[in-house]
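Encoded as structure tokens, the structure appears first; notes follow it.
By convention in this document, chain letters (A, B, ...) are assigned in the order of the sequence lines, proteins followed by strands, and residues within each chain are numbered from 1.
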Amino acid sequence: MTLNILYVDDETDIREIVAFALEDEADMSLRLCASGAEALAAVQLQRPDLVLLDVMMPGMDGPSTLRQLRALPSMAQLPAAFATAKVQPREVDEFKAMGALGVIAKPFDPMTLPAQVRKLWETRAHG
Amino acid sequence: MQPPAFPENEAQRLAALMRLEILDSAPEERFDRITRLAQHCFNVPIALVSLIDHDRQWFKSKQGVAVAQTPRDISFCGHAILGKEVFYIPNALLDERFADNPLVTGAPNIRFYAGMPLSEPDGYKIGTLCLIDSKPRTLNETELRVLCDLAACVEHELGQARLCSFALESNTKETRLRAVLNTVIDGIITIDARGSIETFNPMAEKIFGYAAAEVVGRNVNMLMPEPYQHEHDGYLQHYIQTRQAKIIGMGRELSGRRKDGTVFPMELAVSEMQIGGQMMFTGVVRDITERKRSEQLKSEFISTVSHELRTPLTSIRGALGLVLGKFASNLPDKAKQLLETASRNGERLTVLINDILDLEKLASGQIELEFKVLDLMNLVRQAINANEGYALQHAVRLRLENGLASAYVRADENRLSQVFANLLSNAVKYSPQGGEVRVSVQERADCYRVCVQDAGRGIPEAFRSRMFQRFSQADSSDAREKGGTGLGLSITKSIVELHDGSIDYRSEAGVGTTFFFDLPQWHEPVVWSPSTSGFPRVLICEDNQDVARVLAELLAQEGIASDHVATAATAFERLQRYQYQALLLDLGLPDMDGLMLIQQLREHSATRDVAVIVVSGRTQSDSATWNAEVLPIVDWIQKPIDREHLKHVMARLIHPVERARILHIEDDPDIVEVTRALLEDNHDYHYAASLAAARQMLQTQAFDLVLLDLTLPDGSGLNLLDSLGDIPVVMFSNLDASAALQAQVAATLTKSSTNRAQLLATIRGVLNQKGVAA
């Protein structure tokens, strides 16, 4: 099966890096959004399997975006994780309490990014 | 001529004279009026107040002479101070001691002299009031008495002089002190034992916006926001009665309230003092609004900087990583080498930013450690595993040299792992190729010592004082050669100290370096509740003492006694030896996972059937490996604990089938009403006002518990005991139960000393014991 990933980040460069890092993965397909608002529209066009969210974004930040996504019809269980530099244990706990699967720590290693994404996805499968 | 002798106490006498600070002072009318009076009274040309200094007599007041002083060795007064009475020479020419005295043979041609010694307040003779005439004369009794009286007047003035000098001195001191109080940058407030403000310095006026006149005499609580405002009087009283201090004697951060109502952060230090038998308190207040604001700004700044730095770094690191990872084979060697340099430095910048953030958070106390009881040995093994890869890259081996079976400490697992990572990576970096880093854990008096030893080149002794400072590396080329930020040891030290531990090292050039840190030992708090034989009893296995206490209190409210242990091993041992109705089990225990304890319990016959209730922060679904069918439990209560849920589970566990039927035998209608209100929601409550009525009800109905008064209109409640069979009885009476009686009933309570909660808990306990729904 192909894992449909929606990556949301306001930084063009980082979106590009993510695209490069995942482009060779045959079992992943990636869509990119530059803001929470774009993400809200995108998930309604096509439901992704996993949403990866930057935390600090202008306007609607990552956590608010996740809350709004989950409030959409049939999105309450939408699997999501954050890609952030906020990786203190307490911060990670807070993200998990919001219903996120976990965190991909920034700056991330692009060569291991596919593996990190798969690992997050597997957490969900077990849950 | 005979010069005057020195008195025996001359040294003290002179000291006393000096204390008066009167020698060589200006003439004063209060002395002059006495010498004038003496001059007229006795009709003599000369009257003096003469003070005998070391080698002279000096005239504090003089009538009839021009000179201010004459030598002591020719003085008459020098003789006079040797006695206590008037020293009286009617005609000096006829006295061989004075006949050839230059004051007799020359001016002022003394013939008659009469001097009364003057005592200063401590009794030393410091001089005289004396009369001198150039003609011989005599004094009668009355005249001698008048001279004594006038001398007494001089002595009185001398006493005053001393008081004045005291007053002057203390005035100066107070002025100085006041000047200090007025200019210090702290607000200083004194209050009395009732909390009434006595003084309020200018800085306090500035901080709080009140003028001193507006607050002096008023209660100091006017300067506090709620709830302190209401609590302060009680607190002050409590302190005066018990001496238990919350603030007194220590400094604290609190909130203050200004005149305009705004509340601001302040630092307060209070000290107690006794002034004239009165208890007083001095508070030193510092407004820390600015400091708080800058702390806030700093932390926001750091958080922003960290985000702003890491965002481009994510792109740089990502781009370099992708080029090197995917296209390295297509790159010329030189280009690849340059990209690797860029990539390595990107990594270094990332670590540096993380370290700076960490250090900042540690220094500002923004990091709250998550303390848990951990086995240091486990952590050491994990750390060695985690850092083995890094060591292999440097061709260095990590070895656990000396360990203990277990070493429990209270620690933050993540932070302590960071300490190990830092010490191990340092040791690896500075070890020679093929070298070995040895780790050991030793037990010491009150702590465990962890040592990390390398065989590197050692640290120059000159570097010791800077060892744990920021950006310090013994050799400035190290940063480039060895990597690392120079912040690691500083972070490590902060973390160890937040664990109430300490860190140090010893090093020998060419032999190696050993870093060691000590952490306080943790001792398992094992709590046995007082024996309440027969009551249901539950074992709580929980390493967080606060949680255990809350659980124990909740259980006590339900009439369930509990014991508390903090490790799986102690819980297992306890459950094998004693009967418990249930085990309340935390999962994150220091020595093993709680789920493994369940497995262990199920494998042993003595503990196979223990009812287990998991109380954990983990959810049941988190534990994928756990199989409820193989290891059945009664329930899973998730933290934070839902009290109602726990109550419900416990009630169901300790046999809830139906509502218990309670017969209350009591003739006082007020007590019946109160007890009915307390019990009827959860029990079938019935009452009988006499022994006769009770007997009738007991014949026709079944009851689960009897609540029995002793003094009833038709006899003592004791008469009923025989006819109650095995229905448990709770004695609830005004009389204290005898030991013999206590043995016959399930529980005894005295009305006057029992509150509603105790009554309810006792009834529940007795019912639980019997296995009826409480």
Which atoms of M56(A) approach chain B - backbone, side chain, both or neither, heavy atom under 4.5 Å: both

Is the number of heavy atoms from other residues, nucleotides or ligands within 6.0 Å of CZ (F20(A)) greater than 12? no

Heavy-atom pairs under 4.5 Å with chain B are the metric here; pick the option from [options] that has the most.
{"options": "D109(A), D54(A), I17(A)", "result": "I17(A)"}
{"options": "A21(A), A85(A), P110(A)", "result": "P110(A)"}
{"options": "V18(A), T84(A), I14(A)", "result": "I14(A)"}

Answer with yes or no after comparing the ring centroid distance for F371(B) and H499(B) against a 6.0 Å cut-off, counting only values under it. yes

Heavy-atom pair count under 4.5 Å with chain A, highest-scoring of [options]:
{"options": "T350(B), I316(B), T311(B)", "answer": "T311(B)"}
{"options": "G318(B), P312(B), G346(B)", "answer": "G318(B)"}
{"options": "L322(B), L320(B), D412(B)", "answer": "L322(B)"}

Could you please spell out the steps behind the side chain to side chain contact (heavy atoms under 4.5 Å, CB included) verdict for V550(B) and V547(B)? CA-CA 5 Å; V550(B) 168; V547(B) 175; 5.7 Å; no

With the threshold set at 4.0 Å, does a side-chain nitrogen-carboxylate oxygen contact exist between K326(B) and D24(A)? yes

Decide yes or no for L101(A) and L120(A): does some side-chain heavy atom of the first lie under 4.5 Å from some side-chain heavy atom of the second? yes

Taking the six-membered ring for Trp, are W522(B) and Y408(B) parallel (under 30°), tilted (30 to 60°) or perpendicular (over 60°)? perpendicular

